[in-house]
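Data first, discussion second: the structure below is written as structure tokens.
Residue numbers start at 1 and run along the sequence shown.
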Amino acid sequence: MSPIQPVQSVTPQSVCTRGRWFPGGRLNTCWNALDRHVAAGRGDRTALIWDSPVTGQIERFTYRRLRDAVARLAGALAALGVVKGDRVLIYMPMVPEAAMAMLACARIGAVHSVVFGGFAAHELATRIDDAKPRVILSASCGIEVNRIVPYKPLLDAAIAEARAKPGHCIILQRPVCRADMTAGYDHDWHELTAAARPVDCVPVLATDPL
């Protein structure tokens, strides 16, 4: 994984007067969050702890494990045609893959739009039309204290209502509720990432949207 070159010749005064964050600088948020720690020898330290009282699960991710998962997901997005500047919509529950999705978008310079998981179809449709995403990342369901919320029917209804149609959906299948998939359009998260080629970070301008 190649490091991103540091910002050069930027003065605090120029930042303050323009109201812009390091104009002219090139960086990558995913590199700053993950890759640089692996490169510095901290790859086996804990980067993320998922503690879910609803499911009773606790899972820890090292920087290296998280970096590798994110690099493969970014590769999967790239294989579906997502390039720097494209939008990706994230409609997911509070699972580790939601963080991976945001970091994977940042890794390839795509702009992510996070929609609260479980939003009704109409509300989701308005956000799809606003973002015009090339790909939507979602899950088969969300798990709440006293119920399971199937996401896929809400997502399908939202896409049917929206004027802007995404090219693909990537669905995280959760064991408690499996989603019905549309062949060629919906892609299984684990199958797609397992076959994907990991990709490096793409440098973007410091003033580009994240």
Results of salt bridge (Lys or Arg N to Asp or Glu O under 4.0 Å) for Arg64 - residues two or more places apart only: Asp44

Using the side-chain contact (heavy atoms from CB on, under 4.5 Å) criterion, which residues pair with Ala79? Sequence neighbours excluded. none

Supply the members, apart from Ile49, of the Ile/Leu/Val/Met/Phe/Trp/Tyr cluster built from side-chain contacts under 4.5 Å; use none for a lone residue. Ile58

Using the side-chain contact (heavy atoms from CB on, under 4.5 Å) criterion, which residues pair with Glu59? Sequence neighbours excluded. Trp50, Phe61, Arg65

Using a 4.5 Å side-chain heavy-atom cut-off and chaining through intermediate ILVMFWY residues, the residues clustered with Ile148 come out as Val54, Ile143, Val145, Val176

Sequence neighbours excluded, the answer for salt bridge (Lys or Arg N to Asp or Glu O under 4.0 Å) partners of Asp156 is Lys152

Under the side-chain contact (heavy atoms from CB on, under 4.5 Å) test, residues paired with Tyr185 that sit two or more places apart: Ile159, Pro166, Cys169, Thr182

Using the test salt bridge (Lys or Arg N to Asp or Glu O under 4.0 Å), find all partners of Glu191 that sit at least two apart in sequence or belong to another chain. none

Just jot down the salt bridge (Lys or Arg N to Asp or Glu O under 4.0 Å) partners of Arg134, sequence neighbours excluded, or say none. Asp86

Does anything in residues 93-104 pair up under side chain to side chain donor-acceptor pair (under 3.5 Å), and if so which pairs, sequence neighbours excluded? none

Please tabulate, for side-chain N and O atoms in residues 112-125, each donor-acceptor pair with protein atoms closer than 3.5 Å (sequence neighbours left out).
residue: His112; atom: ND1; partner: Leu210; partner atom: O; Å: 3.1
residue: His122; atom: ND1; partner: Glu161; partner atom: OE2; Å: 2.5

Hey, could you give me each pair passing side chain to side chain donor-acceptor pair (under 3.5 Å) that has a residue in residues 163-181? Not counting sequence neighbours. His168-His187

